[in-house]
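Data block below; observations after.
Naming: A, B, ... by sequence-line order, numbering from 1 per chain.
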Amino acid sequence: MLALGERFVAAIRSALPDIGPSERIDPLISPSRQPKLGDFQCNAAMPLAKRLGRNPREVATAIVAQLDLTDLAEPVTERDIAGPGFINIRLRAEKLAELLNQLDDESLGVPAPDKPMTVVVDLFGVNLAKQMHVGHLRSTIIGDAIARVFERLGHTVVRQNHVGDWGLPIAMVTWKIASEVDAGRANLDALTLDDLDRYYRTAQRDCTPDRRGLIAVERYGLGPKAEAELDAQVAGAHASLASAKDTLVKLQSHDPETLRVWQRIRDVTMTACLDMCRRLNTSITDDDSAGESSYAEELGPLVQDLLDRGIAEESDGALVVRVEGIPEPTIVRKSDGGFLYATTDIAGIRRRVQKFDADRLIYCVDARQSFHFRQVFAAAHRAGYTRRPGSDQPAVLEHAAFGTVLGEDNRPFKTRTGENVRLADLIDEAVARAEHEVKLRNPDLDAESCRSIAEVVAIAAIKYADLSNDRVKDYVFSMNRMIAFEGDTGPYLLNALVRIKGIFRKGQERSLIPAAGIDSAQFLPEHPAEKTMALQLLRYPAALAATAESLGPHRLCVFLYELAGAFSKFYEQCPVLAAEDERTRASRLRLCQLTARMLADGLDVLGIPTLDRM
RNA sequence: GCGCCCGUAGCUCAAUUGGAUAGAGUGCUGGCCUCCGAAGCCAGAGGUUGUGGGUUCGAUUCCCGCCGGGCGUGCCA
């Protein structure tokens, strides 16, 4: 409420001349917590009283005496001062209608940014030859939602998928597949991601000596046969690892045969993963892929640069960057000359700042990486890689950390056999359950519509369940709860929108919608339920801003849930098509239309797909 | 050892970043469909915000100490 804030600042200035004209004053206007007390409240008196060493109630009284809100609100008197100095404000009814009019524009009241920024969001983070599993869910869903929030606010957003497509693990699976193809046991052109996933794991096993087995043999004396088997395994592992390392060298030197296998692995993986991104209704495309391999040629020169400028130093044969406040240095080159993921991430920061001229880098990555990012951010700052060509302000680096997905047993979410749960399986199960629920409530629906509705409902359920939790906390994945359709769920929000669309459908059928449309109908928010809904609608721009500020999509979820709730109460109490007169009906239709637009917009910002019927 | 994160109704989560009597959902008890979709609405019960101190008009929020859980921590990613 911009106007209210300005009025209060003016009143504060004339009531409290001790405050210098250049000093900033925050009027601390917020919606009332309890609707009984008012529509808005001003909490500024208390902190001001503290600043001036005065009694807060006296300060509030002085502010009220200078306050002029005649055209906006009911008169504010001393009776509206409560507790230590809260000032309660009640909007005039016609002012509320006017505010709704202003809100009902193309942008739903969201202002263009003062300074448009370029924001780079790191998200998704898949690896070659690995099936997507629940571990990828949060980075993808939350990262894309954060990206959409900034896009919605008018900023330029670049998504970056830091694909794990390089290094020894990838060399291992490349070697494994190449040798399987050579042996005629695999056909490169027919590989699926499931095949790759299997090869990845066997390659890992082939290259890892069974140390625990060795210890067991030694400790328990398991006999010469077991010992011989283990010796063979260890020897094999060493040979495999040597081959993998050989493959890594070939990759790094662009050997065409090796590169062809690697490229095929990349294509199969990315095709499958990007299909999943589409299925999840995210805006992630192959243009957003910036694999580790794309940094390979930059790492040597980058480390040399750090060395030349005295930022990196030698330590036990490795090269490290030390940073004030963090005792553990960041290793940027191993003693064997190899680079690490920290090196690649620093190169990534440099590229993102310089190539995209980014104001802000947001890393939507697992909370377990927080120490790594602290180190890497600090190192990049020290190296000057966050300085931007056209600005004296360095880019702001943030780790939007998220917690682990847990099963209902509060342990990390795994299958009974301890495997990662494939994302595709998870979604299929959600769709099957949703389909069952939809059919139950809509027996007449044909199978195809039922199926496509279930797909949307399932995606909405999964995404909303994830987004509506506080990002940094672990969250319990409960298929039962998210698909139950009752309560604070994605389907509830979809249903609110579907019910509004139903009103308009029915209105058309009965010719109750004015031919001229309702865009110019007058808002008449008189019923308490209408007023509550109107006040909630007005909070949308602030809710979006708070979501961006905190990088917390759950803020927007809370807003939308409350809006849907306000609509449900309105829907129970205020007949729309059967309203008592034409004016009321037109007003309510317009209120419904605005609510529907906002719900659809908000859900779109979260990346949640919507429906006309369900 | 050190560092970071988290402890709120039986369960799953909020609390507009220091504001009023800590709110929702779920589950439980009761009520509401000749009326725009009941996937909904209304009412009730349910709390020493892990714990002890501190800062102040005011603390779930900030500071310090404990307890409990999770995760990291110099050559994997």
Side-chain angles (χ1 to χ4, degrees), chain A residues 28 30-34 37 41 43 46-47 49-50 55-57 82-86 88 125 127 164 166-169 292 315-320 326-336 338 340-342 344-345 366-372 374-375 401 403-404 406 408 410 412 437-438 440-442 457 465 468-470 472-476 478 480-481 484-489 491-492 494-496 498-507 510 512 539 542-543 546 549-550 554-555 557-559 561-562 564-565 568-569 571-579 588 592 613-614:
Chain A
L28 294 173
S30 64
S32 266
R33 265 206 202 258
Q34 285 135 315
L37 299 176
Q41 62 186 49
N43 300 342
M46 287 81 80
K50 181 176 286 186
N55 178 313
R57 265 201 92 99
F86 300 98
N88 291 316
N127 295 290
W166 208 241
L168 192 56
E292 290 174 340
S315 173
D316 296 336
L319 285 179
V320 304
I326 306 179
E328 297 86 353
T330 312
I331 301 176
V332 293
R333 195 176 75 192
K334 298 190 285 181
S335 46
D336 68 2
L340 302 96
Y341 73 136
T344 314
D345 276 330
D366 194 301
R368 282 172 291 201
Q369 305 282 336
S370 60
F371 180 65
H372 164 72
R374 252 186 74 206
Q375 283 192 310
T404 308
L406 304 176
E408 292 187 73
N410 270 315
E437 295 285 329
V438 171
L440 218 61
R441 293 172 167 84
N442 261 317
V457 167
S468 60
N469 281 302
D470 188 352
V472 304
K473 293 189 186 173
D474 293 351
Y475 104 97
V476 176
S478 168
N480 287 330
R481 197 161 0 100
F485 293 17
E486 281 115 24
D488 185 5
T489 64
Y492 174 83
L494 294 186
N495 187 49
V498 163
R499 292 209 285 179
I500 301 177
K501 301 214 171 182
I503 294 174
F504 282 93
R505 243 193 333 268
K506 200 123 270 163
R510 300 186 195 161
L512 290 172
R539 296 168 67 173
E549 168 69 27
S550 60
H554 88 274
R555 298 273 185 128
C557 292
V558 169
F559 170 85
Y561 178 67
E562 285 175 354
S568 284
K569 291 172 183 63
Y571 187 79
E572 295 286 330
Q573 298 176 45
C574 302
V576 178
L577 297 176
R588 287 182 180 167
C592 284
R613 294 171 193 265
M614 61 193 285

Does the side-chain hydrogen bond (donor to acceptor under 3.5 Å, both in side chains) test come out yes or no for A/Ser568 and A/Arg499, once each step is laid out? CA-CA 9 Å; A/Ser568 284; A/Arg499 292 209 285 179; 2.9 Å; yes
Sugar-phosphate atoms are those with a prime plus P, OP1 and OP2; base atoms are the rest. Using that split, label each nucleotide of nucleotides 71-77 of chain B B, S or - for protein heavy atoms under 4.0 Å, 5' to 3'. SSSBBSB
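- Counting heavy-atom neighbours within 6.0 Å of A/Arg441 CZ, excluding the residue itself, gives a total above 12.
- Across all strands shown, A/Arg499 has heavy atoms under 4.0 Å from sugar-phosphate atoms exclusively, and none from any base.
- Using a 4.5 Å cut-off on side-chain heavy atoms (C-beta onward), A/Pro491 and A/Glu437 make no contact.
- Applying the 6.0 Å contact sphere to CD of A/Glu549 captures no more than 12 heavy atoms from other residues, nucleotides or ligands.
- A syn base is found at B/C33: its glycosidic angle is within 90° of 0.
- Taking the C1' atoms as reference points, B/A59 lies 12 Å from B/A22, given to the whole Å.
- At a threshold of 4.0 angstrom between heavy atoms, the contacts of A/Pro56 with the nucleic acid are absent.
- In this entry B/G18 has no Watson-Crick or G-U wobble partner, no candidate having both defining distances under 3.5 Å.
- Counting only distance, with no hydrogens or angles, the side chain of A/Asn55 and the backbone of A/Ala49 share no donor-acceptor pair below 3.5 Å.
- Annotated as anti: B/U26, whose O4'-C1'-N torsion sits more than 90° from 0.
- In this structure, A/Asn480 places its CG atom 11 Å from P of B/G27, rounding to the nearest Å.
- Comparing the C1' positions of B/G54 and B/G68 gives an interatomic distance of 23 Å, to the nearest angstrom.
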What's the verdict on side chain to side chain contact (heavy atoms under 4.5 Å, CB included) for A/Phe485 and A/Val457, showing C-alpha distance, side-chain angles and the deciding distance? CA-CA 9 Å; A/Phe485 293 17; A/Val457 167; 3.3 Å; yes
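- Positionally, the nearest nucleotide of RNA chain B for A/Lys506 lies more toward the 5' end than for the other of A/Lys506 and A/Glu486.
- The same atom, P, is picked in B/C63 and in B/C5; the two are 10 Å apart, to the nearest Å.
- If you check every strand for non-hydrogen atoms under 4.0 Å, A/Cys574 touches a base.
- A heavy-atom distance below 4.5 Å is found between the side chains of A/Ser550 and A/Arg555.
- As the counterpart of B/U12, B/A24 is assigned, both hydrogen-bonding distances of the Watson-Crick or G-U wobble pattern falling under 3.5 Å.
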For nucleotides 11-24 of chain B, just jot down a letter per nucleotide in 5' to 3' order: B, S or -, based on protein non-hydrogen atoms under 4.0 Å. -SSSSBBBBB---S
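- Nucleotide B/U56 holds its C1' atom 14 Å from the CG atom of A/Asn55, rounded to whole Å.
- Taking atom OH on A/Tyr571 and atom C1' on B/C42, their separation rounds to 17 Å, with Å as the unit.
- Pairing for B/C62 goes to B/G54, judged as Watson-Crick or G-U wobble with the two contacts each under 3.5 Å.
- Across every strand in view, B/U29 sits in a pair with B/A43 that passes the Watson-Crick or G-U test at under 3.5 angstrom.
- Aromatic ring centroids of A/Tyr492 and A/Tyr561 lie under 6.0 Å apart.
- The partner of B/G1, taking Watson-Crick or G-U wobble pairs whose two distances both stay under 3.5 Å, is B/U73.
- Between the P atom of B/C35 and the CD1 atom of A/Ile503 lies a distance of 15 Å, rounded to the nearest Å.
- Taking the side chain as every heavy atom from C-beta outward, A/Gln375 and A/Glu328 approach each other to under 4.5 Å.
- Only the P atoms considered, B/U61 is 12 Å distant from B/C6, to the nearest whole Å.
- Nucleotides B/G53 and B/G31 have their P atoms positioned 47 Å apart, rounded to a whole Å.
- One finds no side-chain N or O of A/Tyr492 lying less than 4.0 angstrom from the OP1 or OP2 phosphate oxygen of B/G37.
- Cation-pi check for A/Arg539 over A/Phe559 is not met; the charged atom does not lie both under 6.0 angstrom from the ring centroid and within 45 degrees of its normal.
- B/G19 and B/U60 have their C1' atoms separated by 12 Å, with the value rounded to a whole Å.
- Put simply, CG on A/Asn495 is 13 Å from C1' on B/C36, counting in whole angstrom units.
- B/A45 sits 39 Å from B/C64 when the C1' atoms are compared, rounded to a whole Å.
- Distance A/Gln573 CD to B/C32 C1': 12 Å, rounded to the nearest Å.
- Considering only heavy atoms from C-beta on, A/Leu406 stays 4.5 Å or farther from A/Tyr475 through its side chain.
- With both ends at atom P, the span from B/U48 to B/C66 equals 26 Å, rounded to whole Å.
- Using a 4.0 Å heavy-atom cutoff across all strands shown, A/Val498 reaches at least one base atom of the nucleic acid.
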